[in-house]
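Have a look at the structure below before the remarks.
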Amino acid sequence: MNELNKFAQLYAVVWNEADPGLRRSMIAQLWSEDAVHYTESLEAHGHEAIERRVAGAYEKFVEAGGFVFQASEQAESHHQAVRLRWEMVPAEGGKAAAAGTVFVLLGSDGRIRSDYQFTDNV
């Protein structure tokens, strides 16, 4: 697995992480302190807001919903931009309940500065 696909896998793993301390550490590793995470309906500015966003998704979809998030191994990048595809699948296996694309812009330190999440119709 190349470095780009490792990045994509870590991005997916953070959404599945049950331990708040470990999740916080992964967020600090992936996102810069002033990063912004965007979805169609929200903006999360900085580590604390991103942590709340990730924790909310974990509680709703992983803990209560029985799903896991996974990234495909087809991540692409150029010029400090990364595009990866994700799926939310039942933890016990089965078809994806949701899927989409994440487009991120990286800072000079390799961490995410801007994170745009798109959800596809499944």
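Reckoned from all heavy atoms, side chains included, excluding hydrogens, waters and symmetry mates.
Residue Ser108 holds its OG atom at 7.5 Å from CD of Gln80, rounded to the nearest 0.5 Å. Here OG of Ser77 is found 11.0 Å from CD of Glu3. Values are rounded to the nearest 0.5 Å. Taking CZ from Arg85 and OG1 from Thr101, the interatomic distance works out to 5.5 Å, rounded to the nearest 0.5 Å.
There is a path of hydrophobic side-chain contacts, each under 4.5 Å, that joins Leu30 to Val62. Note: the hydrophobic cluster containing Ile112 does not contain Phe103 (ILVMFWY, side chain heavy atoms under 4.5 Å, direct or indirect links). Hydrophobic clustering, with ILVMFWY side chains joined whenever heavy atoms are under 4.5 angstrom apart, groups Tyr38 together with Leu105. Val68 and Val54 end up in different hydrophobic clusters when Ile, Leu, Val, Met, Phe, Trp and Tyr side chains are linked at under 4.5 Å.
Contact of the Gln70 side chain with the Val89 side chain is registered, since non-hydrogen atoms from C-beta on lie closer than 4.5 Å. Between Val104 and Arg83, the closest side-chain pair of non-hydrogen atoms is not below 4.5 Å. Side-chain atoms of Leu10 and Gln29, non-hydrogen and from C-beta on, do get closer than 4.5 Å to each other. Glu43 places none of its side-chain heavy atoms less than 4.5 Å from the side chain of His37. Using a 4.5 Å cut-off on side-chain heavy atoms (C-beta onward), Trp15 and Met88 make no contact.
Of all heavy-atom pairs spanning Arg113 and Leu106, the tightest one is CG-C, 3.9 Å. Nearest heavy-atom pair across Leu4 and Ala75 is CD2-O, 3.3 Å. Nearest heavy-atom pair, Ile27 versus Glu51, reported as atom, atom and distance to 0.1 Å: CD1-CA, 3.5 Å. Residues Arg53 and Ala44 approach most closely at CB-CB, 4.3 Å, considering heavy atoms. Looking at every heavy atom in both residues, Phe67 comes nearest to Ala97 through CE2-CB, 3.5 Å. Between His47 and Ala28, the shortest heavy-atom contact is CE1-CA, 3.6 Å.
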Subject >> Residue pair Thr119, Trp86: steps toward the side chain to side chain contact (heavy atoms under 4.5 Å, CB included) verdict >> reply: CA-CA 9 Å; Thr119 302; Trp86 62 271; 3.7 Å; yes

**OP:** Under the side chain to side chain contact (heavy atoms under 4.5 Å, CB included) rule, what do Ile50 and His45 come out as? Steps first, then yes or no, please.
**Re:** CA-CA 7 Å; Ile50 292 169; His45 296 263; over 6 Å; no

**OP:** Please test Glu40 against Gln117 for side chain to side chain contact (heavy atoms under 4.5 Å, CB included), starting from the C-alpha separation and ending with a verdict.
**Re:** CA-CA 8 Å; Glu40 187 175 326; Gln117 185 181 83; over 6 Å; no

Subject >> Test log, rule side chain to side chain contact (heavy atoms under 4.5 Å, CB included), inputs Arg23 and Tyr58 >> reply: CA-CA 10 Å; Arg23 189 168 49 228; Tyr58 171 82; 3.8 Å; yes

**OP:** Could you give me the CA-CA distance, side-chain angles and deciding distance for Trp31 and Tyr11, then say whether ring-ring contact (aromatic ring centres under 6.0 Å, His included) is met?
**Re:** CA-CA 10 Å; Trp31 284 272; Tyr11 185 94; 5.5 Å; yes

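If you check the side chains of Glu76 and His78, you find no donor sitting under 3.5 Å from an acceptor.
Ring geometry for Phe69 versus Phe61: interplanar angle over 60°, hence perpendicular rather than tilted (30 to 60°).
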